[in-house]
There are 2 protein chains.
Amino acid sequence: MTPSFAELKQNLKAKNINLSFQRLKVLEYLVNNRCHPSVEQIFSDLLKELPTLSKTTVYNTLRILTETGLVRSMTIDDNETRYDINTKNHGHFKCNSCHTIYDFYVDIDNFCSDDLKNFKIENKNVYFMGICPRCLTNKE
Amino acid sequence: MTPSFAELKQNLKAKNINLSFQRLKVLEYLVNNRCHPSVEQIFSDLLKELPTLSKTTVYNTLRILTETGLVRSMTIDDNETRYDINTKNHGHFKCNSCHTIYDFYVDIDNFCSDDLKNFKIENKNVYFMGICPRCLTNKE
DNA sequence: TCCGGTAGCTGTAATCATTACAAGTTTGCA
DNA sequence: TGCAAACTTGTAATGATTACAGCTACCGGA
Ligand SMILES: [Mn+2]
Ligand SMILES: [Mn+2]
Ligand SMILES: [Zn+2]
Ligand SMILES: [Zn+2]
């Protein structure tokens, strides 16, 4: 379901994107951290391993990956873009208490109103907010 | 379907929110401009009528209105919050060409995945992106 | 092997939406 | 009228993102 490195590399090559060392590391991070990290998280975590990494490079890499469709970007509520290696259509739930972002399955494809009959839809987003089960039980 | 001033005033009173002159104007603007305006749009338009208006007041008013649930705020893609007087559940479509934001009907309420069985859902958002019919025909 | 060009990386400065804050103003009420 | 609380205003600070200029690494041809 989630793409392997080999597949990602193939995709990059197919789109004429050079896979530099830094880009590899960002991609690797997204594959290993499917928690919808922010630029700040990605950057500060990778900095431990790559002390010379620049935040600009992280931004540039994420822009390229998003433009070529290998990564999905989203802004859920707050003013910090989050990144997701899973580009399949799925919904997101953000807990207002612990701020975790959960994935959930949703049948977005069969989900089209008559109002949009003549629209060309390129992108579908569904996100909910509320309290997650963990936080609900902790409150009691 | 869309609330009248009288109703809005009632709601404000019920929540112990004082309806100052500036707040009235912001509310009025949102009722009359259902195009999901940004703070900048609201502020610069109202400035013509109220030369002493402060942008901080617009921000503060929108925060209060959002907190009390009279207005819905959203960030669709770009980094500018938009405001909507229509708080009923509905979907949004943003045209990537003319940047207009359209409303569309969507049955969000009957729209809940089993993955979220134990979650407390407080808020549901659906937004699509693509090209609107007007821009599609203009291209040809 | 050497060289030149280009893509990529880095660090800093600029931009822009939003928030914080302090001071002035209005409002409601005694 | 007079005071306190609520509002408004203008400016400064914050923080994410982008622009930009200089440096570096890599790659293909002589
Ligand atoms: Mn996801
Ligand atoms: Mn709307
Ligand atoms: Zn939680
Ligand atoms: Zn359009």
Side-chain angles (χ1 to χ4, degrees), chain A residues 9 12-29 36-68 70-84 94 99 101, chain B residues 9 12-29 36-68 70-84 94 99 101:
Chain A
K9 276 187 175 179
L12 282 169
K13 196 170 280 178
K15 309 213 176 184
N16 277 328
I17 308 295
N18 196 355
L19 187 59
S20 72
F21 182 64
Q22 289 86 346
R23 290 175 184 172
L24 174 72
K25 285 299 180 181
V26 170
L27 209 41
E28 199 176 85
Y29 187 90
H36 315 90
S38 65
V39 167
E40 182 56 37
Q41 286 174 264
I42 299 169
F43 173 68
S44 60
D45 281 353
L46 287 180
L47 203 59
K48 299 166 191 164
E49 204 182 339
L50 312 172
T52 68
L53 182 66
S54 162
K55 194 178 273 187
T56 300
T57 298
V58 178
Y59 274 106
N60 286 339
T61 300
L62 290 169
R63 183 173 40 73
I64 290 174
L65 295 176
T66 304
E67 279 172 8
T68 57
L70 291 188
V71 166
R72 159 185 292 226
S73 74
M74 54 186 158
T75 54
I76 300 192
D77 190 42
D78 51 13
N79 46 358
E80 220 184 11
T81 305
R82 305 298 202 92
Y83 296 88
D84 193 347
K94 180 179 179 187
H99 309 300
I101 295 177
Chain B
K9 276 187 173 179
L12 281 169
K13 197 171 279 179
K15 308 213 177 188
N16 278 326
I17 308 294
N18 198 353
L19 187 59
S20 72
F21 183 63
Q22 288 87 345
R23 290 175 184 172
L24 173 72
K25 285 299 180 182
V26 170
L27 211 40
E28 199 176 87
Y29 187 90
H36 314 90
S38 65
V39 167
E40 183 55 39
Q41 285 174 263
I42 299 169
F43 173 68
S44 59
D45 282 352
L46 287 181
L47 204 59
K48 299 166 192 163
E49 203 182 339
L50 311 172
T52 68
L53 182 66
S54 161
K55 194 178 272 188
T56 301
T57 298
V58 178
Y59 273 106
N60 286 339
T61 300
L62 290 169
R63 184 173 40 75
I64 290 174
L65 294 176
T66 304
E67 280 173 4
T68 56
L70 290 187
V71 165
R72 158 186 294 226
S73 75
M74 55 187 157
T75 55
I76 299 192
D77 191 41
D78 51 12
N79 44 1
E80 220 183 12
T81 305
R82 307 299 204 91
Y83 296 88
D84 193 346
K94 181 180 178 185
H99 308 301
I101 295 177

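Every chain is numbered from 1, with letters handed out A, B, ... down the list of sequences. Remember, predicted model here, so these are calculated numbers, not experimental data.
Nucleic acid contact class of B:Thr81 (heavy atoms, under 4.0 Å, all strands): sugar-phosphate only. Looking at heavy-atom distances under 4.0 Å, B:Thr52 makes contact with sugar-phosphate atoms alone, never a base.
Under the 4.5 Å side-chain criterion, counting only non-hydrogen atoms from C-beta, A:Val39 is not in contact with A:Thr81.
Atom CG in A:Leu65 sits roughly 12 Å away from atom P in C:dG8 (whole-Å rounding). A straight line from NZ of A:Lys55 to P of D:dA19 spans 17 Å, rounded to a whole angstrom. For the pair A:Arg63 CZ and D:dA16 C1', the interatomic distance rounds to 15 Å; values are reported in whole Å. One can place OH of A:Tyr59 at 13 Å from C1' of D:dA19, the figure rounded to the nearest angstrom. Taking atom CG on A:Leu50 and atom P on D:dT24, their separation rounds to 18 Å, with Å as the unit. Note: CZ (A:Phe21) to P (D:dA25) measures 13 Å, nearest angstrom. Atom CD of A:Glu40 is separated from atom C1' of D:dT14 by 14 Å (rounded to the nearest Å). One interatomic measurement links the two molecules: CE of A:Met74 to C1' of D:dT17, which rounds to 18 Å at whole-angstrom precision.
Applying side chain to side chain contact (heavy atoms under 4.5 Å, CB included) to A:Leu53 and the options A:Gln22, A:Lys25, A:Lys48 leaves one that passes, A:Gln22.
Distance alone, capped at 3.5 Å, is enough to place a donor-acceptor pair between the B:Arg23 side chain and the B:Asn18 backbone.
Which of D:dT18, D:dG10, C:dT18 sits closest to the side chain of B:Thr56 comes down to D:dG10. Set against C:dT10, D:dT9, D:dT8, the side chain of A:Gln22 has C:dT10 as its closest nucleotide.
Distances shorter than 4.0 Å separate none of the side-chain N or O atoms of B:Ser20 from OP1 or OP2 on D:dC7. The phosphate of D:dT8 (OP1 or OP2) has a side-chain N or O of B:Arg23 nearer than 4.0 angstrom.
Looking at every heavy atom in both residues, B:His36 comes nearest to B:Arg82 through O-NH1, 2.6 Å. Residues A:Thr68 and A:Leu65 approach most closely at OG1-O, 3.2 Å, considering heavy atoms.
Sequence order on DNA chain D of the closest nucleotides to B:Ser54 and A:Asn79 puts B:Ser54 first from the 5' end. Place A:Ile17 and B:Val39 on DNA chain C by their nearest nucleotides, and A:Ile17 ends up nearer the 5' end.
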